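Because the structure is a prediction, the values reported are computed rather than measured. Computed from heavy atoms alone, side chains included, the values below leave out hydrogens, waters and symmetry copies. Along the sequence shown, the residues carry numbers beginning at 1.
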Amino acid sequence: MTAAGKGRGEAASGPSRPGAREVEGLLSMVGTPIGNLRDASPRVVETLAAADVVLCEDTRVTGRLLSCLGVRAPLRRCDENVILERVPEVLEELEDGRRVAFVSDAGMPGVSDPGQRLVDAALDRGLRVEVVPGPSAVTCALVASGLPMDHFFFEGFLPRKAGERDRRLRALSRVPGAVVLYESPHRVQATLEAVASALPARRVALVRELTKVHEECLRAPAAELARAVAERGEVRGECVIVVGGPDEREQEAWRREEALAEVAGAVRPAVAPGVPAGAAAEGACAPAAPSLDEAIAAGLVAGESKTRLAKRLARAFGVPRPEVYDRVVALSQGAGPAGA
């Protein structure tokens, strides 16, 4: 049996998805090598050989891949610029029983890729979709980095404009895990410098040329890595940046900021009833952060239990809980400010 025949037979005998129509049509999202052609599995080759048409970002890139794999199949451009136009005709082909394969230039399609829209539309229409797995730069870079990745967030490419990029990095600073960024070799230096500015305490890995002969991983604290890459000069190959997650100290600082913000929001109406939020006397400065006694008073006015109030404010002010609890009890019994 030929590879193409085998691929058709295996797919046809597979279980139907819930709600899918009883047709032969099948959309295959096929992962392709990200550098090393030997990473193309037998199933990838069989699926591409069995396809009636292969949708791709660049017909030249995919044409070279198919030639290396010994596969002949019709190619059709289906990149970000034309995907919306292509979706209706592809759905019709699937409904007519055709087998359509979708690939990106490298890696898994549908991840930071226009193929997601096609999968979404096909599933909404009740058509069959399968995933033929292949290499992923995201997971490969995470493993190569050696950084903790119990949790991670895939960002993809950051905005090109410096202001937008820096704002996005500030937002990403609160992700409680590693952050994965894609970057071109021409912009990787500027991005590393921006990461060092926004996240100076983080460990960062620059992984490039994944799965190729010159695969490399550089790791260091953010500022140190930015300097090392700058000293190297030109960087070649597609790059993935892995920003290590926050340590316990940084997360504790977040919790304290959030708790103080919560305290400030609770105190202002209790301390200054009837004054609009953010309002201040003419010529006065912005209101200072509330004191511990003010925060306790606001909590007691709001009816919060003494135990819960002490726990919350101990975390917010960095004061031992027993000390805060004693002060809560004293103020609830009408004692004056501390030190009075």
Side-chain angles (χ1 to χ4, degrees), residues 1-34 39-59 61-63 65-66 69 71-140 151-157 180 182:
M1 182 179 292
T2 65
K6 183 177 179 182
R8 291 179 187 274
E10 286 182 350
S13 62
S16 298
R17 295 178 182 272
R21 302 180 183 186
E22 294 299 324
V23 293
E24 249 187 349
L26 177 66
L27 173 62
S28 301
M29 303 298 291
V30 183
T32 54
I34 58 176
D39 290 334
S41 69
R43 185 180 173 206
V44 165
V45 177
E46 292 166 3
T47 301
L48 294 174
D52 294 306
V53 62
V54 176
L55 306 179
C56 56
E57 292 181 87
D58 188 323
T59 56
V61 172
T62 302
L65 171 65
L66 296 189
L69 298 178
V71 171
R72 298 181 64 182
L75 298 175
R76 188 186 306 161
R77 176 182 164 222
C78 195
D79 61 17
E80 181 71 34
N81 297 313
V82 300
I83 183 70
L84 293 179
E85 302 171 15
R86 295 280 194 231
V87 167
E89 65 188 58
V90 173
L91 296 181
E92 289 183 10
E93 289 176 312
L94 292 170
E95 289 176 331
D96 289 340
R98 290 170 67 83
R99 303 170 69 82
V100 177
F102 188 104
V103 300
S104 64
D105 284 347
M108 284 302 300
V111 180
S112 192
D113 175 89
Q116 174 268 329
R117 300 176 186 173
L118 182 57
V119 173
D120 186 38
L123 293 175
D124 281 348
R125 192 75 71 90
L127 297 166
R128 293 180 62 202
V129 178
E130 70 170 1
V131 176
V132 182
S136 165
V138 176
T139 52
C140 287
H151 306 283
F152 69 88
F153 181 87
F154 172 58
E155 171 68 7
F157 289 94
V180 183
Y182 282 167

I would like to know whether Phe102 and Val90 meet side chain to side chain contact (heavy atoms under 4.5 Å, CB included); could you show each step before the answer? CA-CA 11 Å; Phe102 188 104; Val90 173; over 6 Å; no
Minimum heavy-atom separation for Met108 to Gly134, with atom names? SD-N, 3.2 Å
Show your working on side chain to side chain contact (heavy atoms under 4.5 Å, CB included) between Val54 and Val30 and close with a plain yes or no. CA-CA 10 Å; Val54 176; Val30 183; over 6 Å; no
Is a side-chain N or O of Asp96 found less than 3.5 angstrom from the main chain of Arg98, in a donor-acceptor match? no
Give, for atom CD of Glu57 and atom CD1 of Ile83, the distance between the pair rounded to the nearest 0.5 Å. 10.0 Å
Mind checking whether Leu65 and Val103 have side chains closer than 4.5 Å, heavy atoms only? no
Leu66 side chain near Thr62 side chain, heavy-atom distance below 4.5 Å: yes
Between Asp52 (side chain) and Val100 (backbone), is there a donor-acceptor pair under 3.5 Å? no
Determine the minimum heavy-atom distance between Phe157 and Tyr182, stating which atoms define it. CD2-O, 3.3 Å
Please report the closest heavy-atom contact between Met29 and Gly110, naming both atoms and the distance. CE-N, 4.3 Å
Side chain to side chain contact (heavy atoms under 4.5 Å, CB included) filter on Thr139, not counting sequence neighbours, yields Ser136
Rounded distance [0.5 Å steps], CG in Leu84 versus CG in Leu118: 10.5 Å
Where Thr32 and Ala106 come nearest, the two heavy atoms and their spacing: OG1-CA, 3.5 Å
Taking every heavy atom of Glu130 against every heavy atom of Val132, the minimum-distance pair comes out as OE2-CG2, 3.8 Å
CZ/Arg125 to CG/Leu94 distance, rounded to the nearest 0.5 angstrom? 9.5 Å
Please name the pair of heavy atoms, one in Pro114 and one in Asp79, separated by the smallest distance, quoted to 0.1 Å. CG-C, 4.0 Å
Can you tell me how far apart CG (Leu91) and CG (Leu27) are? Round to the nearest 0.5 Å. 9.0 Å
Using atom types as modelled and distance alone, determine if a side-chain donor or acceptor of Arg86 lies under 3.5 Å from a backbone N or O of Arg77. yes
Salt bridge Arg117-Glu80, side-chain N to carboxylate O under 4.0 Å: yes
